[in-house]
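Before any comments, here is the structure.
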Amino acid sequence: MTGLTAEIAVLVVVPAAAILLSTLYFLRLRIERPPVGVFTLRDIGVMMAVVVALPVLYLALPSFAVATILGLMVVFGVQLTLAPIMTGRLALGVAFSAAALELTFFFRAPDVATVLNNLLLLTLVVGVTNLYVQSGIKVRDVAVFGALLAVYDLVATVMLPTMSEFLRKTIELPFPPVFAAWGGPLPVMIGLGDVLMLTLWTLASLKGYGRAAGWLAACSGLVLTAALVAGIQSGLLTGLFPVTVLAGPFMAMQYLFWRRRRGAEQTMATYRGIATPSLAAVSAEAVDERLAEQLLSGSPLGRPAPVGYSG
Amino acid sequence: MLGTALAQLRYGFSLVAGRRIRIADIEHVVADIMATRREFGGVGDLREFRGTTMAAADRKPIDDRRIRRLALKAYAETTYYRRQFDRVGMRPEELSLSTLERLPLTPKEALQDLPEAFVSRRAQPWYRAETTGTTGPPTGVWFSRYETDLMTAMTAIAFLVDYQLRDEDVVQINLSSRAFLGIHCLVGAASLIGAAACSVGLVAPEVALSRLAGEAHLAGRQPRPTMLVTYSSYLGLMVEVGEKTGYGAGDFGLRQIMCGGEILTDGLRRRAERLFGARIVETYGMTEINPANGQICAGGHLHFNPEQGVTEVIDLTGARPAEPGELGVLTFTPVYPYRETTLLLRLLSGDVVRRLPDESMHCELAQLPATSRLLGKHRHLTRFAGRLVTPRDILELIEADPAAILPSRWALEEVRDGLELHVHGDDEGLADRLHERGLALDLPLGRVVVHTGCDTMPPAAPVRADLRELSFAESARRSDLEAVR
């Protein structure tokens, strides 16, 4: 594989495949969610705290523990995705078997392990993004998350050595949280988090503001990653570059655009065309009209004022 | 999402550990159910909110711990139970599900005589709720602010889970204005959901019906009440007047009627459903056991949530637990953390039910222990020739007749060849029809006498609809009549 092919494969094809598969999954399958509860900005706060804490924790933990955590994360992510297609137990069995296979190849044929890891991470992205969106995450919440991540990535990747050290540590382990391909002496990689965010943004936009917003989200994400390929090819970009530093502000801008154009985002019930009962409740305008009619027809206004108050 | 999980976890932990429930946690769950509904158009399976799904054997250690804790508290902090435990020579720490029978039953009269003897010295009594006293002297029960807030929050959950109440709904409450605690909790629960409520009281049925049928234009609200909360007898009164006035289902915006406090018969249910075009949900509750209450399932069983307390069915002699299939009296032990002020152990309610065979339930609430529906008060049972006649037997018989005057007024008298049933009615063939159907139902009826006015009847048991609040005009008219007499 040449450098350019590897760059296109990792930076464009992987996000495109993740977006396509996740959207198809979203349109056809229902992921199990808790009976009560929706995503709120508070959840985004917690997720952000986890994002900040995890790399630091990984750096502090021994490699064996980090690999175990990453492996379990992959297993449960894959199980989550496959559960609606097969039974939960079978999905868990498949996920464990796939993880065991990757572990085996990691020691015997690392190239095959990389391909398998890409496939498992792709499966995980499909499930996790669907879990968020089918649990009611809002476009606003993803935009806020994207904006916060942009700031965090700028600090943790560009200004601090945290992310490069984290990457150096995990790339040597089984189940690295990156999509990778070899196209030269160094691998081309895109982080799991970046692909998750681009996919999540597309699904949330599709749910919140409809097909046009979904297309815009998907295309803008892919144009962005294609621009990165061009940047690498032209030599403008070298070393680590966090995708969300650019994608985050894009998400926030798109959210503001759609909010201004379409107003409040739609709920999952509206998206799925589930009629919410009632709504025979009267609007403020209708109430005003009806009360005015009653007043003019003489009921309270037509009454004579009590003696002594008639002026 | 994470906040919801945390609130539910804390709530569950409070129950298992026997700690005070954080009201904010239940309010959080209420808000989350609302948000989930807005987002998804509905919520998932909420069975767990209706009560435990644990098997009785698994629950036993938890129940034992909670009963022991309640006994220790009642012994240390109430005058009544300190004496009661000492009198029978039992230590409070010995009390458990298996030794509960050793503790004497608490008669309702003891609570009526001196409610303060049951109040924990460490509690902060806030409000003394008086029962309406329809079937006996009123009973005073002290509650703390915490208990009241808990009742409100739990009512809100019930509104959401069992009644699917929404923020545009309007709840009309036709309860006695003396039932302040109940009304306070209903109004508070509606407010937690964002719905509107109005307490109309037990006014003239014409007024209550016109409130239900009349439109009130408020932004974001349904123009007419969508839920009615009332007693069975007052519902009967509304049905009677509504049918005579010519109201029909199209005149109302009701979706559901929450009805309890008295026996609700199938006949009344049918007539009310036809008149109002609304679903009737029967409930069971008593001020003395609040916030515990009973839920009546589609299968006609009265279910109790063991998380809120221990429910026993004691045989009619009060000597032993009723056998499956046997009639018995409901006895309640409301437990901490649902109850902390008026502590009660084995309170004899006086309400008669039939104990169900243990394996007989396949309903939607089958995971909760259950009895038959309420059959009447113990002192209103009539025995003739070995056959026990319950108030429900008579009420079902009368109200199954479409010509019956509601609410039913009836009295039983023993005559030589059976029981003589006196009924208020104005239909010529009513006596014959009731007699014939009563015999078919194996009721020992010797004769049925129909009275066109209540004044010629032997004294009939009062009903809650009798707690009617008078208008100034009605009150003046009554005063005039009394002056003439």
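The figures that follow rest on heavy atoms only: side chains count, while hydrogens, waters and symmetry mates do not. Naming convention: chains lettered A, B, ... in sequence-line order (proteins, then strands); numbering from 1 in each chain.
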Give the minimum heavy-atom separation between Ala370(B) and His301(B), together with the two atoms involved.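 That closest heavy-atom pairing would be CB-CB, 3.9 Å.
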Do you know the tightest heavy-atom contact between Met154(B) and Ile26(B)?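 In this case the closest contact between Met154(B) and Ile26(B) is CG-CD1, 4.3 Å.
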Proximal component of Thr4(B), with respect to chain A [non-hydrogen, under 4.5 Å]: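 Just the side chain, heavy atoms under 4.5 Å.
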Going by side chain to side chain donor-acceptor pair (under 3.5 Å), name the residues that satisfy it together with Arg19(B), two or more places apart in sequence or in a different chain.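 Here no residue qualifies.
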Which atoms of Arg272(A) come close to chain B, meaning under 4.5 Å heavy atom to heavy atom: side chain ones, backbone ones, both, or neither?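 Neither part, no heavy atoms under 4.5 Å.
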Please determine whether a side-chain nitrogen of the Lys or Arg among [X] and [Y] lies less than 4.0 Å from a carboxylate oxygen of the Asp or Glu.
X	Y	result
Glu39(B)	Lys207(A)	yes
Arg22(B)	Glu27(B)	no
Arg255(B)	Asp169(B)	yes

Should the pair Phe252(B) and Tyr247(B) be assigned to parallel (<30°), tilted (30 to 60°) or perpendicular (>60°) ring geometry?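 It falls in the tilted class, 30° to 60°.
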Counting only heavy atoms from other residues, nucleotides and ligands, does the tally under 6.0 Å from CD of Glu215(B) exceed 12?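 It does: Glu215(B) CD has more than 12 such atoms within range.
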CZ/Arg259(A): more than 12 non-hydrogen atoms of other groups inside 6.0 Å: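 No, because the 6.0 Å sphere around CZ of Arg259(A) holds 12 heavy atoms or fewer from other groups.
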Residues in residues 69-87 of chain A near chain B [non-hydrogen atoms, under 4.5 Å]: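 So no residue qualifies.
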Taking only heavy atoms into account, what residues of residues 133-151 of chain A are found under 4.5 Å from chain B?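 Near chain B, by residue number: Gln134(A), Ser135(A), Gly136(A), Lys138(A).
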Please list, chain by chain and in numerical order, all residues satisfying ring pair (Phe, Tyr, Trp, His ring centres under 6.0 Å) with Phe26(A), sequence neighbours excluded.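 By the ring pair (Phe, Tyr, Trp, His ring centres under 6.0 Å) rule, Phe26(A) matches Tyr271(A).
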